[in-house]
Q: 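I have a structure here, written as structure tokens, and I will follow up with some questions on it.
Lettering of chains follows the sequences in order, A, B, ..., and the numbering in each one begins at 1.
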Amino acid sequence: MRFSFPWTFTYRAVSRRFKAILKEYTPLVESVGLDEAFMDVTQSPHGFPEQIAREIKRRIKREIGLTAFVGVGPNKLLAKIASDLNKPDGLTVIRDNDAAKILAELPTSKLWGVGKKTEKRLRKLGIETIGQLASALLDDLISAFGEKWGMALHEHARGMDESPVIPFHEPKSMGRELTYQRDTANLDVIKRTLFRLVEQTVGEMNRRGYRARTIALKLRTSDFTTTTRADTLQEPTASLKTIWQKALKMLSAYSMEKKLHLVGIRVSNLEKVR
DNA sequence: TCTGGGGTCCTAGGACCC
DNA sequence: TCTGGGGTCCTAGGACCC
């Protein structure tokens, strides 16, 4: 099951209340961003998935004042596709039996992970609908998209998805970035921005109890080309001084030929502090 | 639409080791 | 010696998600 409401209405407090409601029905709630979540209600004592969905929709309306759209399906893939079919206020159920029929007519872009680029590549192969994708040869998909991605496309086009609902993921990275209203090449301004972003990132690391080994600087110029520079330390750190020095060093090594549109910092290779 | 901010995953290629 | 192959770690960039 998947719930979501229009993101323009989303802010943290609303998001927390939304998630709290879902957790009353099952501990198996997987957040996807602020405004969307998967629930596994196969073991829930609160009724059939459809009943639960209807009740949660009513509660979100009453307690938060927002409409939610929800899809019910035998797996996450089909639940998500179902929820997409009835934005912004519906409830759609896809059952195993009618999955193939429903998928067949949909464009490939409805599939998880198929964006503009992949859609275009598929179209070049003569594939526009999920049904056409389902009848494509696995070998052809693998040679076009690689082993992993080819297999995933092949399975997803058939509505197959075994991925479990996972309530908690360890973060892989955290960071902050800022887009300038007016692009700048003023190094003082950029340094001040970067320092603030580093401070915020380190603040979050300490609050959540993580240290990082890799520090990456992200820069985007006026013409929208993005550059990243990364540096990996011997030992993980959550020290403002260490991370700031690394960030500054990478910034200084960058030859500023165009104005900057965006500055960002991201830390990865995280380790939980005990 | 001239494009916000937070993320994840994948790939290619280089360095280095055995 | 110049001939590898495999594994691991790392960087940089791209595609994608909400």
Q: Under 4.0 Å from OP1 or OP2 of C/dG13: is there any side-chain N or O of A/Thr228 that close?
A: yes
Q: Hey, does the side chain of A/Arg229 come within less than 4.0 Å of C/dT11's phosphate (OP1/OP2), counting only N and O?
A: no
Q: As an exercise, state the distance from CD1 of A/Ile243 to CZ of A/Arg211, rounded to the nearest 0.5 Å.
A: 11.0 Å
Q: Could you state the NZ-P distance from A/Lys218 to B/dT8, rounded to the nearest angstrom?
A: 13 Å
Q: Which nucleotide in the set B/dG4, B/dC10, C/dA12 lies at the smallest distance from any side-chain heavy atom of A/Lys148?
A: B/dC10
Q: Counting side-chain heavy atoms from CB outward, which of B/dT8, C/dA12, C/dA15 is closest to A/Ala230?
A: C/dA12
Q: Measure from the side-chain heavy atoms of A/Thr118 and tell me the nearest of B/dG7, C/dC16, C/dT11.
A: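 It is C/dC16.
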Q: OP1 or OP2 of B/dT8 less than 4.0 angstrom from a side-chain nitrogen or oxygen of A/Ser173, does that happen here?
A: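 Answer yes for this pair, as a side-chain N or O of A/Ser173 is under 4.0 Å from OP1 or OP2.
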Q: Just checking A/Lys148: does its NZ atom have more than 12 heavy atoms from other residues, nucleotides or ligands closer to it than 6.0 angstrom?
A: no
Q: Is the distance from OP1 or OP2 of B/dG6 to the nearest side-chain N or O of A/Arg176 less than 4.0 Å?
A: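 Answer is yes, contact under 4.0 Å.
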Q: Are the ring of A/Phe224 and the base ring of B/dC2 both nearer than 5.5 Å at their centres and tilted by less than 30°?
A: no
Q: A/Met250 has an atom CE; how far is it from atom P of C/dA12, in whole Å?
A: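 Going from A/Met250 (CE) to C/dA12 (P), I get 9 Å.
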Q: Closest approach to the side chain of A/Val32, judged atom by atom: which nucleotide of C/dC18, B/dG6, C/dC16 is it?
A: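 Closest nucleotide to the A/Val32 side chain: C/dC18.
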Q: Within less than 4.0 Å of OP1 or OP2 of B/dG4, is there a side-chain N or O belonging to A/His261?
A: yes
Q: Would you mind classifying the nucleic acid contact of A/Leu262 as base, sugar-phosphate or nothing, using non-hydrogen atoms under 4.0 angstrom?
A: nothing
Q: For DNA chain B, whose closest nucleotide is more 5', that of A/Lys116 or that of A/Thr179?
A: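 That would be A/Lys116.
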Q: Could you label the plane-to-plane angle of the A/Phe195 and A/Trp244 rings as parallel, tilted or perpendicular, counting under 30° as parallel and over 60° as perpendicular?
A: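 Rings of A/Phe195 and A/Trp244: perpendicular, as their planes differ by over 60°.
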Q: Check every strand shown and say whether A/Glu147 touches a base, only sugar-phosphate, or nothing at a heavy-atom separation below 4.0 Å.
A: nothing
Q: How close or far is atom C1' of B/dT11 from atom CZ of A/Arg121, stated in whole angstroms?
A: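 These atoms are roughly 11 Å apart.
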Q: If you assign A/Lys172 and A/Asp223 each to the DNA chain B nucleotide with the nearest heavy atom, which residue ends up on the more 5' nucleotide?
A: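 So the residue in question is A/Asp223.
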Q: Which listed nucleotide (C/dA15, C/dC18, B/dG5) is nearest to the side chain of A/Glu36?
A: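 Looking only at side-chain atoms, A/Glu36 lies closest to C/dC18.
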Q: For A/Gly175, report the nucleic acid contact type (base, sugar-phosphate, nothing); a contact means any heavy atom under 4.0 Å.
A: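 Sugar-phosphate, no base atom in range.
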Q: For A/Arg213, answer base if it contacts any base atom (sugar-phosphate contacts may also be present), sugar-phosphate if it contacts only those atoms, and nothing otherwise; contact means non-hydrogen atoms under 4.0 Å.
A: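 Sugar-phosphate, no base atom in range.
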Q: At 4.0 Å (heavy atoms only), tell me whether A/Trp149 reaches a base, stays on the sugar-phosphate, or touches nothing.
A: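 It contacts nothing in the nucleic acid.
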Q: Nearest to the side chain of A/Glu204 - C/dC17, B/dG7, B/dT8?
A: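 Selected nucleotide (nearest to the side chain): B/dG7.
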Q: Whole Å only: how far is the CE atom of A/Met174 from the C1' atom of B/dG5?
A: 15 Å
Q: Does A/Lys19 have more than 12 heavy atoms from other residues, nucleotides or ligands lying within 6.0 Å of its NZ?
A: yes
Q: Check the distance between C/dT11's P and A/Lys249's NZ and give it to me in whole angstrom.
A: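 Taking NZ of A/Lys249 and P of C/dT11, I get 12 Å after rounding.
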Q: Expressed as a whole number of angstroms, how long is the span from A/Ile265:CD1 to B/dG6:C1'?
A: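 A/Ile265 atom CD1 is separated from B/dG6 atom C1' by 15 Å.
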Q: Check the distance between C/dC16's P and A/Asp84's CG and give it to me in whole angstrom.
A: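 These atoms are roughly 16 Å apart.
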Q: Considering the options A/Arg213, A/Lys246, A/Arg266, which one meets the salt bridge (charged side-chain N to carboxylate O under 4.0 Å, His left out) requirement together with A/Asp231?
A: A/Lys246
Q: Checking all strands, does A/Lys80 fall into the base, sugar-phosphate, or nothing category for heavy-atom contacts under 4.0 angstrom?
A: sugar-phosphate
Q: Please state how far atom CZ in A/Phe145 lies from atom P in C/dA15, giving the value in whole angstrom units.
A: 13 Å
Q: Let's test this: given Watson-Crick or G-U wobble pairing with both distances under 3.5 Å, identify the partner of C/dC18.
A: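 Across all strands, the one nucleotide that pairs with C/dC18 is B/dG5.
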Q: Touch check for A/His169, heavy atoms < 4.0 angstrom, all strands: base, sugar-phosphate only, or nothing?
A: nothing
Q: I'd like to know whether CD of A/Glu235 has more than 12 heavy-atom contacts from other residues, nucleotides or ligands below 6.0 angstrom.
A: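 No, because the 6.0 Å sphere around CD of A/Glu235 holds 12 heavy atoms or fewer from other groups.
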Q: Just wondering, are more than 12 heavy atoms of other shown residues or ligands nearer than 6.0 Å to CZ in A/Phe48?
A: no
